[in-house]
Amino acid sequence: MNKVLMLGNEAVARGLWEAGVNVISSYPGTPSTEITEFASKYDDMYSEWAPNEKVAFEVAFGASMGGARAFCAMKHVGLNVAADPLYTASYIGATGGMVCAVADDPGMHSSQNEQDSRHHAIASKTPMLEPSDSAECRDFAVLAYELSERFGTPFLLRLSTRVSHARSVVELGERRDVPVKEYKKDVMSRVMMPAMARPAHERVEKRLCEMTDFANTEAVEMGINTVEMNDTGLGIICSGASFTYAHEAMGDKASYLKIGMVNPLPTTLITDFAAKVDKVVVIEELDPIIEMQCIRLGVKAVGKEKFSLLGEFSHKTVEAALTDTVKESVSLGDEIPARPPVLCAGCPHRGLYYALKGMGLYVSGDIGCYTLGAQAPLAMMDSCVCMGASVSGLHGYNLARGEEAAAKSVAVIGDSTFIHSGITGIIDIAYNKGLSTVIVLDNSITGMTGHQNNPANGLTIKGDPTVSVNLEALAKAVGFENVRVVDPFDIEGTKAAVKEELARKAPSLIISRRPCALLKTVKHAAPVRINADKCIGCKACLNVGCPALSFTKRENGKPLALIDNTQCVGCGVCAAGCKFGAIEEGE
């Protein structure tokens, strides 16, 4: 068999293919996105981007009820959106194998919170596997389908940023030919009215007991839960990336219980392991779930008193906590300056924010590339909660503060996020006679997660042409009579449009439409140039926050604006802020 180096997410996709999966529906969310992107390259499997995670889960679960092996993927906050169908799907159970991958983001590299998805597994009574490297990503993906069909339940596959985005060796297998199961009508099992849900709950509790027995026995034989006995002075219980950190830090100076099935936990295995070692330490990122189970079982374990509830761990974190020393490692002697993320040169969102700047507006923000507009020097966002919250949150803000506030406030939301969960917000505004002005930042792509197509740009996950949502028609259909489109690079025109809509005392939708500057189909203008004779060095151009702009010094020591031609795309937003005409069109 071939052995190849794979990203964890790529290995999951390979495991889906080998498991004979038929249907994949996901919503992009870092660090889970690449699973579905890689899966879409296998023509044996149907794959799609859904409008949001709830829809993705429901599509996959519908396919499972139809007898096919199905899959969906999302990040941790996406599982919040999909929680509604997840909790009831656990009661109904799976016909064809059903697996949902959820990628947590310890350290919040690209997320608005840290969240431990094991809580959802426990609360929804859904079994969960957690791989620790790419090989296990592939193996556990295949195994999850076998167990899903054996126990008749959906499975959760928990990943993390490091497991999803690290590479390790994976042994490739062949695709299994798994026929779609015959559909049999079963109202008592699949229609979750109270009379049917009560016995379903009994089945779920019985299934959890059976799976706990499995976790303690067969899961060990199958290599899901493993014990490695070395020095018995210290026993480490861990899972996922924490096992890799611990093993790298301690080697054979400790014994290990690596838990691959994190729900339900192998209770007997935990107590047996604890009895063989002098001291038990639980290493788990985020919440003390295994540690609390140890306490419940009467196992004296050290956990969060040594390890933080916050952020990612590393082998250094583990080594420092367990030995009070850290081995020397190679590092740069100089301090590396911070490089916070910024809107790209030529980003259309910059033009919109620069137009809004100075208007004294409250800006209700949302999740996407445009969230970066909250940072200086633009500083044009007052709040950011979750997907879609900018729209409904603005409605609530204006209800609290009245008509005068509505005339000085807007919501900003990207086209993909608007499709995800902004539409219901504008329905709420129109239906309840609100006065809010919503701005959709339509850049023709799902930008923050790496350029995925979405229902608003008319392309499928494979790039094939399809229908696209007409945002103007949609807004009018739900009751927004005032809808207009602006070009965010037309600063004065955008300002005028916003002022006019805010003065209407009626719901308004403004679509700020210009494609992402990084799209391959976009043809850029020549880089702008600085007229040194007109530049007085006032640095007002820096207020647009463009990374292509900087300053140098003339021979006489006075400042002079400088354009990085390798970044500048000639958008001209900086020129709009120069009162002296020192920024000119390039050739």
Pairwise distance [atom1]([X]) to [atom2]([Y]) - rounded to 0.5 angstrom:
| X | Y | atom1 | atom2 | answer |
| --- | --- | --- | --- | --- |
| L562 | F551 | CG | CZ | 9.0 Å |
| N52 | Y27 | CG | OH | 8.0 Å |
| I510 | N482 | CD1 | CG | 10.0 Å |
| L372 | Y353 | CG | OH | 8.5 Å |
| I426 | Y431 | CD1 | OH | 16.0 Å |
| N80 | M387 | CG | CE | 12.0 Å |

Is there a donor-acceptor contact under 3.5 Å from the side chain of [X] to the main chain of [Y]?
| X | Y | result |
| --- | --- | --- |
| T417 | I367 | yes |
| S90 | K125 | yes |
| N432 | G434 | no |
| K54 | P85 | no |
| T494 | L352 | no |
| S444 | R514 | no |
| E285 | F313 | yes |
| K304 | E284 | yes |
| T36 | T33 | no |

Which residues satisfy the side-chain hydrogen bond (donor to acceptor under 3.5 Å, both in side chains) test with [X], sequence neighbours excluded?
| X | answer |
| --- | --- |
| D116 | R118, R158 |
| N453 | N457 |
| E501 | R484, R504, S508 |

message: Using 30° and 60° as the class boundaries, would you call the ring planes of H349 and Y370 parallel, tilted or perpendicular?
response: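 Correct class here is perpendicular.
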
- request: Determine the interplanar angle of the Y91 and H201 rings, folded into 0 to 90°, and report it as parallel if under 30°, tilted if 30 to 60°, perpendicular if over 60°.
  value: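 Ring orientation of Y91 relative to H201: parallel.
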
message: Which residue is it: H119, E114, Q115, H76? I am looking for the one with a side chain to side chain contact (heavy atoms under 4.5 Å, CB included) to L286.
response: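 Among the candidates, only E114 passes.
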
message: Using the side chain to side chain contact (heavy atoms under 4.5 Å, CB included) definition, which of the options C137, S32, S164 pairs with V12?
response: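 The residue from C137, S32, S164 that satisfies side chain to side chain contact (heavy atoms under 4.5 Å, CB included) with V12 turns out to be C137.
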
field: Residue pairs, two or more places apart or on separate chains, that pass ring-ring contact (aromatic ring centres under 6.0 Å, His included) and touch residues 445-489
entry: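 Those involving residues 445-489 do not exist here.
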
For a quick test of your reading: what N or O donor-acceptor pairs under 3.5 Å do the side chains of residues 569-586 make, sequence neighbours left out?
| from | atom 1 | to | atom 2 | distance (Å) |
| --- | --- | --- | --- | --- |
| E584 | OE1 | R529 | NH1 | 2.4 |
| E584 | OE2 | N531 | ND2 | 2.8 |

task: Return yes if a side-chain donor-acceptor contact under 3.5 Å exists between N398 and S409, otherwise no.
output: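 Yes, S409 and N398 have a side-chain donor paired with an acceptor closer than 3.5 Å.
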
Which atom pairs, one a donor and one an acceptor, fall under 3.5 Å between side chains of residues 515-523 and the rest of the protein, sequence neighbours left out?
none

query: Applying the side-chain hydrogen bond (donor to acceptor under 3.5 Å, both in side chains) test to E48, which of S26, S25, S40 qualifies?
result: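 Among S26, S25, S40, the one that satisfies the side-chain hydrogen bond (donor to acceptor under 3.5 Å, both in side chains) with E48 is S25.
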
Minimum heavy-atom distance between [X] and [Y], given as atom pair plus value:
| X | Y | result |
| --- | --- | --- |
| P377 | K357 | O-NZ, 2.6 Å |
| N565 | V528 | OD1-O, 4.2 Å |
| S436 | H395 | OG-CA, 3.7 Å |
| S124 | T126 | OG-OG1, 2.8 Å |
| V99 | A144 | CG2-CB, 3.6 Å |

field: Neighbour count above 12 (heavy atom, 6.0 Å) for K408 NZ
entry: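 For K408, atom NZ is not crowded (no more than 12 foreign heavy atoms under 6.0 Å).
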
message: Run the side-chain hydrogen bond (donor to acceptor under 3.5 Å, both in side chains) test on D104 and S117 for me, step by step, so that the C-alpha distance in whole Å, both residues' side-chain angles and the decisive distance to 0.1 Å come before the verdict.
response: CA-CA 7 Å; D104 288 357; S117 294; 2.5 Å; yes

